[in-house]
Number of protein chains: 2
Amino acid sequence: MNKPHDIPDWNQMRALLATVQAGSLSGAAKRLGLTQPTLGRQVAALEASLGVTIFERVGRGLVLTEAGAQLVAHLRDMGEAAEKVAMAAAGQSQSIDGVVRVTVSDVYAAHVLPPLLTQLRARAPGLVVEVAAVNSISDLIRREADIAIRHVRPDQDGLIARRCADSAAYIYGAPAYFEREGRPNSAADFARAVFVGAFEGNDIFIAELNRRGVPVGPANFPWATQSGVTGWEWVRQGLCLGAMVDVVARRTPGVEVALPSLEPIPVSTWLVTHRELRTSARIRLVFDVLAEALSRRG
Amino acid sequence: MNKPHDIPDWNQMRALLATVQAGSLSGAAKRLGLTQPTLGRQVAALEASLGVTIFERVGRGLVLTEAGAQLVAHLRDMGEAAEKVAMAAAGQSQSIDGVVRVTVSDVYAAHVLPPLLTQLRARAPGLVVEVAAVNSISDLIRREADIAIRHVRPDQDGLIARRCADSAAYIYGAPAYFEREGRPNSAADFARAVFVGAFEGNDIFIAELNRRGVPVGPANFPWATQSGVTGWEWVRQGLCLGAMVDVVARRTPGVEVALPSLEPIPVSTWLVTHRELRTSARIRLVFDVLAEALSRRG
DNA sequence: GAAGGTTTATACGTTTTTGCATGAACAAGC
DNA sequence: GCTTGTTCATGCAAAAACGTATAAACCTTC
């Protein structure tokens, strides 16, 4: 039947792990950059090689057998080790040339990063900085990015974070808005104001405003957008009001603080990377340049 | 340039680990059942992919760089996990101990299986056989059970079925019943007989009897039970008549064939399992023992 | 009940990978 | 110094793996 000592194919194991983690062959194929028939064949070959039925083909979808589940438990360890290898490799890379991925909110990507990127370009022409302008939190542990700029303190182990200069967020509006809706002279005047909302919800923002005596609720957020840049553009065109970090607003002509006497919302900034990646020359370079620029008050 | 998301090739990692452990590409090739050029290319590709120089080519032999050593540390974990996967797979496919679920009608569970279970106990003391005495058809594809004993031909794809010895069912009654209701001397005498009914309906049974000239209808089935054992007990106590496979009735004292001249109802038996039979030693053992016993006429 | 969106399985042409040769560089032994 | 036995690197033909296209089965939704 089976060959006595068949050398296991690690790519087939990778295929099995990805299939289980993705839940389907198709999903695993997308994840690994392969195709569904390839994944199917690799998993089938692994089943034949190990002599264990791992999946039960039940129409649409695959169902893990008990035997398969036990295998996958060890496969997860294997996958974690593989990620550590990749992580260590990235950290060992002493070449300045290469790719560094940075995740950052789209607003920062659009208004804060450009001068920093030109600065990096001058320091290292062969360096490619991939900016993932995603507003959701990326997982640095899984190396979805090398560096992240965040406004919340990271609490995961294995990550090192540097706190940059704190900044302040104010409520801004365009002249067109104030002409149409009136300029507020007190916190109470915001009661009927219109704000741009975020997809993830505005509860935290509403709480911050309420703490300052601004009587707003969900009804004041009739529109929402995932894109911070879009929301900021709405504000600039006078569609609504919106909060923005002052470093960005200062570079946006045509917006004014709605009520200067209102206490600003403090915004902290952390620069985060993985411990293993600190040893990489190019990641360290990007990290240091970003940290230096973001820590300088201005 | 590197692609943004470079999926690591686990076989290349395996090649690197084997090379380090064997001390040379040639040695690793022999160990993995590959050739030296293949290993060399895989390691070179991994170096290019990770952007790390792992080996210093110094004439004869390779020397690990410091960066490579750090990678290998994690690679050893990966290799250990891989070995555990293979180990678990070997254990899964060869271990006789474990649980095998068998679904079978409760009548068979009560009267046919006991000697077979003791036989299995002798062959494999660590084997646990779960007998699900359910009269409804279980779904083997969804692994509600590993083996099913059925009396209808399975039509689902992906199932492995073996036809066992055919048996015959007769109509039985107890002396108490015959004394009270009279013993039928011809098929027509069953017109006012009382039969035990099944929950799922008696249409097929009625049709079989009618085909033999027995004039019965739903009115002859005043009572019904889901439990075949209960129904058979009713027959034994003289409450009513009932059909039963002769192999069971022969082991039940105190029941007699109601009308020996009546042609018996043929009953076929299939032993059914799913794909995992091919790889699971314990399922195969139970399957073979059941098949051998159920195929022997007696 | 029909339609759309999934899923896995199969067929075939093409790309990639592999193995076999062979060559070059080095170390050890005579 | 030469031989011998290693090592890793390189061409080239064959084999294996891959991707595209397509089919069949299933779940969901309207």
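Protein chains get the first letters and strands the later ones, always in sequence-line order, with residue 1 at the start of each.
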Margin query: Applying side-chain contact (heavy atoms from CB on, under 4.5 Å), can you list everything that pairs with A/Asp97, at least two apart in sequence or on another chain?
Written below: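 Listed in chain order: A/Ser95.
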Next item on the list: Apply salt bridge (Lys or Arg N to Asp or Glu O under 4.0 Å) to A/Arg278 and list each qualifying residue two or more places apart in sequence or on a separate chain.
Entry: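 Expected list: A/Asp288.
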Item checked: Residues that B/Arg41 engages under salt bridge (Lys or Arg N to Asp or Glu O under 4.0 Å), provided they are two or more places apart -> none
With 3.5 Å as the limit, what N/O pairs link the protein to nucleotides 15-20 of chain D?
residue, atom, partner, partner atom, Å
D/dC18, OP1, A/Gln42, NE2, 2.9
D/dG19, OP2, A/Thr35, N, 3.4
D/dG19, OP2, A/Thr35, OG1, 2.9
D/dG19, OP2, A/Thr38, OG1, 2.4
D/dG19, N7, A/Arg41, NH2, 3.1
D/dG19, O6, A/Arg41, NH1, 3.4

Notebook entry, point to check: When we call it a touch if two heavy atoms are under 4.0 Å apart, what does A/Ser26 touch: a base, just sugar-phosphate, or nothing?
Noted result: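 Touches a base.
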Tell me the interatomic distance from [X], atom [atom1], to [N], atom [atom2], rounded to whole angstroms.
X       : N      : atom1 : atom2 : value
B/Leu32 : C/dT17 : CG    : P     : 17 Å
B/Leu25 : D/dT10 : CG    : C1'   : 14 Å
A/Glu56 : C/dT8  : CD    : P     : 15 Å

Item checked: Non-hydrogen atoms of B/Ile96 and B/Ala281 that approach each other most closely ->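 Closest approach of B/Ile96 to B/Ala281, heavy atoms only: CD1-CB, 3.9 Å.
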Notebook entry, point to check: Which pairs, with at least one residue in residues 82-109 of chain B and sequence neighbours excluded, count as a ring pair (Phe, Tyr, Trp, His ring centres under 6.0 Å)?
Noted result: B/Tyr108-B/His151
Checklist line | Contact list for residues 29-38 of chain A, test side chain to side chain donor-acceptor pair (under 3.5 Å), sequence neighbours left out | finding: A/Gln21-A/Arg31, A/Thr35-A/Thr38
Checklist line | Residues that A/Phe55 engages under ring pair (Phe, Tyr, Trp, His ring centres under 6.0 Å), provided they are two or more places apart | finding: none
Show which side-chain atoms of residues 71-85 of chain A pair as donor or acceptor with protein atoms under 3.5 Å away, not counting sequence neighbours.
none

Note to self: Roughly what angle, to 10°, lies between the helix axis at the start of the helix from C/dG1-D/dC30 to C/dC30-D/dG1 and the one at its end, five pairs per end?
What the structure shows: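 Rounded value for the end-axis angle: 30°.
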